[in-house]
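First comes the structure, then the notes that go with it.
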Amino acid sequence: MFALVDVNSFYASCEIVFRPDLQGRPVAVLSNNDGCVIACSAETKKLGIRTGAPYFKYRDLFLRHNVVCFSSNYELYADMSDRVMTTLEEMVPRLEIYSIDEAFCDLTGIRNCRVLEDFGREIKEAVYRNTHLRVGVGIAQTKTLAKLANHAAKKWTKTGGVVDLSNIERQRKLMSLFPVDEVWGVGRRISKKLDAMGIKTVLDLADTHISVIRKHFNVVLERTVRELRGEPCLELEEFAPVKQEIVCSRSFGERITEYEQMRQAICAYAARGAEKLRGEHQYCRFISTFVKTSPFALNEPYYGNSVGVRLLTPTQDSRDIINAAIRCLDVIWRDGHRYQKAGIMLGDFFSQGIAQLNLFDDNAPRAGCEKLMEVLDRLNAKDGRGTLYFAGQGIQQQWQMKREMLSPRYTTRYSDLLVVR
DNA sequence: TCTGGGGTCCTAGGACCC
DNA sequence: TCTGGGGTCCTAGGACCC
């Protein structure tokens, strides 16, 4: 038995917690670079805003309705997320943190001694007490059904934000009310194809023969269908599996046209990627760089390219990773384009112990590099990032992303603490 | 003018082996 | 003229998630 707990309009709600004057008012949070609308308070949703749509298309509408906009403040959201997850961890035996604002809880044992819906309300109240954030709780036999139950809890306010869907009749009734694209794992492409096959509601999908699903789709959708029928195919993953790749990429605040600017950006992303890699206690052997112009610009030719290198020995040294990333950049860089975005990717990971030296490798790992990297990370962890950085990252960083409506980092910086007068 | 960032899994097809 | 069968590994691309 699973419960899916997720925070209502998470990013927007975090902003409102520290700005009580905004309660009941339309609030929106924008993606990096203030590019897209990625979260809306309930009042903003009522205006018919589609999350994921570009901000500039809504600018007039927002102005007319006095929508308060914020740039993404991930430092704040990550810290608020920790507080929510800690609360949940104290209440359930096993927890899977699925994303920054969602977690699956294992309710298997709890079912024996508690009415699940009551327990769901208790979770809600505890999270509100500790964080002033409101959550929805969906309960069912499988993760996919719990997701659906959570959907229902959000959609119908009379549920009080908690839906226990373990009853089969209730499941079927609810499934008949939802269109198929609301199912976890059914995106735009698949729902379109299903629609063409006459499979419109979630119940239609649940009642479709497995053989039909396998013929037209794949095992992923098969699992989804089985889960909708109450047959668990996905387990609770309490411990995050080891990462298989690390990506660091950003859109630029202003288009890049100069090689030197791009080199700085790639150097900065590579340094950040290396830091993440060490945070995972991994070594990587594959490093790649990509650059691209805007796919939306109609009056300039699109250029996007990527190239990667495989090192002889795995590394976690920022200097090796920066070096490799810049070498890749030099292969794909073309003058004359207005670059909109670039990034680096690390892959082919090895864990500390098993980094094999190549028999014919003549650049053996640098001595003492682990100590050096440790010092680097420790210094940078102390007060945010950027105490110590590589010269190649540049000092001016004209390419930095735009965040013109950033809120204070209320919970993670002394300088940004909320002042009550 | 202005369109995020970071992941996972699966599949098909090519290269290569005996 | 005629060109097998079975397997592995890797990669690129598609689809999805938040």
Side-chain angles (χ1 to χ4, degrees), chain A residues 4 6-7 9-11 28-39 50-60 62 69-74 77-78 81 96-104 143-144 147 150-151 180-194 214 216-224 233-234 237 240-255 269 272-273 276-277 279-280 285-286 288 290 292-300 302 304-308 310 338 340-349 401-405:
Chain A
L4 176 68
D6 89 328
V7 183
S9 322
F10 181 54
Y11 296 168
V29 176
L30 309 179
S31 65
N32 276 338
N33 245 338
D34 299 340
C36 297
V37 179
I38 53 169
R50 210 166 41 81
T51 59
Y55 169 51
F56 72 88
K57 284 192 179 166
Y58 288 132
R59 203 163 296 172
D60 290 341
F62 280 6
C69 287
F70 289 96
S71 304
S72 296
N73 185 345
Y74 286 103
Y77 312 147
S81 173
E96 173 186 339
I97 298 173
Y98 178 68
S99 76
I100 193 163
D101 74 329
E102 286 176 71
F104 286 102
K143 283 180 156 183
T144 306
K147 268 271 192 189
N150 181 284
H151 235 31
V180 77
D181 63 336
E182 310 239 352
V183 174
W184 187 40
V186 176
R188 246 199 10 251
R189 298 302 265 270
I190 290 177
S191 66
K192 200 172 161 195
K193 198 164 156 187
L194 286 170
R214 279 313 294 269
H216 297 278
F217 302 92
N218 56 20
V219 292
V220 182
L221 192 66
E222 174 181 344
R223 279 202 283 263
T224 299
C233 300
L234 305 170
E237 285 171 36
V242 183
K243 274 204 206 317
Q244 299 184 32
E245 60 179 37
I246 287 173
V247 178
C248 260
S249 71
R250 290 280 179 284
S251 301
F252 305 120
E254 280 165 31
R255 300 281 185 267
Y269 302 155
R272 176 71 189 121
K276 284 192 203 171
L277 183 68
E280 295 278 317
R285 227 177 52 165
F286 179 76
S288 73
F290 71 86
K292 51 187 278 193
T293 61
S294 170
F296 302 102
L298 297 172
N299 41 12
E300 48 187 285
Y302 176 78
N305 206 348
S306 81
V307 79
R310 198 168 298 277
R338 297 174 65 242
Q340 174 248 354
K341 184 174 179 175
I344 63 103
M345 198 184 101
L346 310 178
D348 199 2
F349 292 169
M401 60 187 177
K402 259 193 302 202
R403 296 154 95 193
E404 287 171 350
M405 293 159 276

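Every heavy atom of this structure was used, including side-chain atoms; hydrogens, water molecules and symmetry mates were not. Letters go in sequence order (proteins before strands), and every chain restarts at 1.
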Pull out every protein N or O sitting under 3.5 Å from an N or O of nucleotides 10-14 of chain B, one pair per line with the distance.
from, atom 1, to, atom 2, distance (Å)
dC10(B), OP1, Arg223(A), NH2, 2.8

Assigned partner base of dC18(B), Watson-Crick or wobble definition, under 3.5 Å: dG5(C)

Sequence-distant partners of Tyr74(A), side chain to side chain contact (heavy atoms under 4.5 Å, CB included), two or more places apart: Tyr11(A), Asn32(A), Ile38(A), Ser72(A), Tyr77(A)

Once you apply a heavy-atom cut-off of 4.0 Å, does [X] come out as touching a base, just sugar-phosphate, or nothing?
{"X": "Ile100(A)", "answer": "nothing"}
{"X": "Leu30(A)", "answer": "nothing"}
{"X": "Val7(A)", "answer": "nothing"}
{"X": "Asn32(A)", "answer": "sugar-phosphate"}
{"X": "Tyr55(A)", "answer": "nothing"}

Nucleotide of [options] approaching [X] most closely (side-chain heavy atoms):
{"X": "Glu102(A)", "options": "dC18(C), dG6(B), dG4(B)", "result": "dC18(C)"}
{"X": "Glu245(A)", "options": "dT3(B), dC16(C), dT8(B)", "result": "dT8(B)"}
{"X": "Lys341(A)", "options": "dG6(B), dG5(B), dC16(C)", "result": "dG5(B)"}
{"X": "Cys36(A)", "options": "dG4(B), dA15(C), dC9(B)", "result": "dG4(B)"}
{"X": "Asp101(A)", "options": "dG4(B), dC16(C), dC18(C)", "result": "dC18(C)"}
{"X": "Arg189(A)", "options": "dT3(B), dA15(C), dC18(C)", "result": "dA15(C)"}

Worked verdict on Thr293(A) versus Arg338(A) for side-chain contact (heavy atoms from CB on, under 4.5 Å): CA-CA 6 Å; Thr293(A) 61; Arg338(A) 297 174 65 242; 5.6 Å; no

Between Asn33(A) and Ser31(A), do the side chains contain an N or O donor and an N or O acceptor separated by less than 3.5 Å? no

Should [X] be listed as having a side-chain N or O under 4.0 Å from OP1 or OP2 of [N]?
{"X": "Arg255(A)", "N": "dT1(B)", "value": "no"}
{"X": "Arg338(A)", "N": "dT1(B)", "value": "no"}
{"X": "Lys292(A)", "N": "dT3(B)", "value": "no"}

When the P atoms of dT3(B) and dC17(C) are considered, how many whole Å apart are they? 25 Å

Nearest-Å distance, CZ (Phe252(A)) to C1' (dT1(B))? 18 Å

If you assign Val247(A) and Lys402(A) each to the DNA chain B nucleotide with the nearest heavy atom, which residue ends up on the more 5' nucleotide? Lys402(A)

Between Lys243(A) and Pro54(A), just flag the one whose closest nucleotide in DNA chain B comes earlier from the 5' side. Pro54(A)

Looking only at non-hydrogen atoms, find the nearest pair between Tyr98(A) and Lys147(A) and report the distance. CE2-NZ, 4.4 Å

Would you check, one step at a time, whether the test side chain to side chain donor-acceptor pair (under 3.5 Å) holds for Asn73(A) with Ser71(A)? CA-CA 6 Å; Asn73(A) 185 345; Ser71(A) 304; over 6 Å; no

